Amino acid sequence: MNRRPGGADLSRLLREFWGLEGTFEALGGENQNHLVTTLDGSRYVLKVASARATREEVELERAAVRAIEASGVGVALPQMVPTRTGEVVAPAGPEPWPLLARLLTFVPGDSWGAFGAASPDRLAGAGWLIGRLAGVLGDLDVPAAHRTHRWDLTRAGLLRGEVACIRDPSRRKLATEAFRLWAGAAPWLAEVPHGFIHGDLNDENVRVEGDRVVGLLDFGDALRNPLVCELAIALAYLLLEEPDPWDAGARLVEGYHGVRPLSVRECELLFPLMCGRLAVSVAIAAGRRGEQAPREAWFTTEAAAWRALEGFAGIDPAEAADRLTARIDVTPHPDRGQARDELLARRTSRFSAALSLSFATPLKAVRGRGAYLYDERGRAHLDLYNNVCHVGHCHPRVVAAGQAQMGRLNTNTRYLYDLLAEYADRLCATLPEGLDHCFLVNSGSEANELALRLARAHTGHRDVIVLENAYHGHTSTLIDISPYKFDGPGGQGRKEWVHVAPMPDGYRGPYRGQGRDAGVAYGEAVGRLLEGMDRRPAAFIAESLPSVGGQIVPPEGYLETAFRHVRSAGGLCILDEVQVGFGRVGTHFWGFEQQGVVPDVVVMGKPMGNGHPLAAVVTTAAVAHSFAETGMEYFSTFGGNPVSCAIGLAVLDVVQEEGLQEHALAVGTRLRDGLRSLMDRHPVIGDVRGTGLFIGVELVRDRDTREPAPREAARLVDALRDRRILTGTDGPHENVIKIKGPLVLQEADADLAVELVDEVLGEGRR
Ligand code: PMP
């Protein structure tokens, strides 16, 4: 512990370094601050802090104070009083780490909330001042401002764990919801203007006299941040005593907007950021209650912050944004569109009922960012199962790449353009040597169709070996090779040229629970299937990690054994990486690399264009050559067009530069371990498996018999959807919860998912 300097230390400091004598009075707040009254009645504040913090603060505070003074906005600021030797800091001892002291001029005025609610003039004036600060401070380039700290609002999610310290369950829920609101705002923060901010314009640091703000204190939290965070933090604290915080907030926002116009996006961020700040405040306070010597000053806003969170509970973000912008000419959430039920009826009248919707209560989504989809009420839904928006919904870099190229050139592969060659080079560089010939198409189905044609052209055979419950696409031929379809509702059964091998499932099936032996045994089953065939195969096709089949991680040795048999029978090995490729499995870029094999043909799709229709088949020169030898020209109108290539390149850039494969491994492991830990409490969880952000949770009625629990799985998915977590079911029994969302999922999101699965399963048992 840092020893706090006592009265004698302080007197000595003051005398020795500033040549002053005075009396001391401890001030509230986070820091070791003392009001000093000297013999002639002058007042100062003596601040004592760790040497590191002080030096940073000195740099930040000096720059900020100078800039604000020069701007003439007319507020009092803490000025540094030099020591007798002209320094601004003085060593204040003692160990274990050095302390430094500063003497600052006293800033007059009362705390913001000293007399209850603020007048409309004061609210507007405070808004004006905060808007002016954005202009005055925003562009300051102070190296020390490029930092983060516990109260950095852009990283509030890191404090979510502190919620566990809140004893009252209903308050814990409130704080959790507030953190969720923040998490829904977090993906947008990088896209709004940043600059230097004070970072803590709370009710103590904003000093007032009557209707006017007269001073600002404490630049100790200043940092570079989204500018809107300054306003959100001020709103979080300055409305605490307001009987009508919405009206007061709207006045403050109006004052701000008059000097620094807010963008639509910034207006939408205000409420989630306010709630995030309040959540951080109550969470930190709860954590500190557990410390050995809690200080009263740590809890000064705790009660009011809880009251505020209670008042804000249950209000939709879009509604809150409307209220906060009631006095300005900005329309937040402009994309709300038609009411959900009307839209549903309209859709039903125009589309075949074969086109299904997810969830008992369908979700209307109006936008997406990161791992979140937002509904028409501005509510963020955590997307845990869409693997198309691989690098995050509407990743700005991918969007920009597509937009720029769309405005430059879009043509087809009958012309020469650099992007086609560049993309093919980059794609092939991710694959093992030998897989170096590309065909770019528009969907996974198209890619699988082409893969089959390649195999047939190369081998001269027609038969295909597939896995149980596999799905490879929606064309006629692909339905023929997809047991999930031909054996499912509306299916017409297996064609004689299709041969179905057992699913290499380590949890179910004949070789369950046998580890590598199971892998080899399932591989041998492919060999036996081949022996029983009276024709040679064109291909064996499988997902490297079967997802539609139930989020299966094949046991080690499976593909190696199966490939050996297929190749010796003259067939090609096609691996469908439509769902699992591009870093999802965490350990490797491609799922098949986990099994140490190299296929003859790789099929890729979904994540490749992050939502833009881009898919591919990559194969060897020999196979590509055989295909050309047939003499038939190959052409896809849209496949590999310049816009698709630009988007594909941006996706590869983002995966690589943002380290998303490694991130998927870390956050996926955390999520899988968290879900696995629930098995102690919830016998319905029979198995939790996966790798990276490819995870399956298999529900069973009985862990011994492994009787599938599809109804429980459907109920869990719908209950999670009601809690704004999106998952789905998969597997032959529809009892596996599939988790395979965007790779940008955050740790706090993973923890939240685990908590909510726990909550729903707990309710199911009651
Ligand atoms: N292969 C697999 C493994 C798939 O999951 C899918 C789609 N779910 C496809 C192929 C077909 O892709 P698309 O829908 O893009 O045609």
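Computed from a predicted structure; not experimentally measured. Indexing begins at 1, ligand by ligand and atom by atom, following the structure's order.
The 12-atom threshold is not exceeded at OH of Y415, counting heavy atoms of other residues, nucleotides or ligands nearer than 6.0 Å. The 12-atom threshold is exceeded at CZ of R535, counting heavy atoms of other residues, nucleotides or ligands nearer than 6.0 Å.
Among all non-hydrogen protein atoms, the one lying nearest atom 12 (O) of ligand 1 is G444 CA, 3.3 Å. The shortest contact between atom 7 (C) of ligand 1 and any protein heavy atom is with K606 NZ, 3.2 Å. Protein heavy atom at the shortest distance from atom 16 (O) of ligand 1 is S445 OG, 2.5 Å. In terms of protein heavy-atom proximity, atom 10 (C) of ligand 1 is nearest to H472 O, 3.2 Å. When only non-hydrogen protein atoms are considered, atom 5 (O) of ligand 1 lies nearest to Q579 NE2, 2.7 Å. At the shortest separation from atom 1 (N) of ligand 1 among protein heavy atoms lies D576 OD2, 2.7 Å. With respect to atom 6 (C) of ligand 1, the closest heavy atom belonging to the protein is Y471 CE2, 3.7 Å.
Atoms of ligand 1 found under 4.0 Å from any heavy atom of N448 (numbered from 1 in listed order, with element): 1 (N), 10 (C). Atoms of ligand 1 lying under 4.0 Å from at least one heavy atom of S443, given by number and element, are 15 (O), 16 (O). Counting the atoms of ligand 1 from 1 in the order shown, those under 4.0 Å from a heavy atom of G473 are 11 (C).
Salt bridge R724/D375: absent, no basic N to carboxylate O contact under 4.0 Å. A salt bridge between D653 and R426 is present, with a side-chain N of the basic residue lying under 4.0 Å from a carboxylate O of the acidic one.
For a threshold of 3.5 Å applied to N or O pairs, the pair formed by E543 and ligand 1 contains no separation below that value. Every N/O-N/O distance between V548 and ligand 1 stays at or above 3.5 Å. Considering backbone and side-chain atoms together, E446 places no N or O closer than 3.5 Å to any N or O of ligand 1.
No cation-pi contact links R369 to Y374, judged by a cut-off of 6.0 Å to the six-membered ring centre and 45° from its axis.
With 3.5 Å as the limit, one finds a donor-acceptor pair spanning the side chains of H472 and D576.
A heavy-atom distance below 4.5 Å is not found between the side chains of H663 and E658.
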What do the steps show when you test N735 against E698 for side chain to side chain donor-acceptor pair (under 3.5 Å), and what is the final call? CA-CA 6 Å; N735 68 325; E698 177 146 6; 3.2 Å; yes

Could you go through T587 and Q594, starting from their C-alpha distance and side-chain angles, then the distance that decides it, and tell me whether this counts as side chain to side chain donor-acceptor pair (under 3.5 Å)? CA-CA 7 Å; T587 54; Q594 286 195 335; 2.7 Å; yes

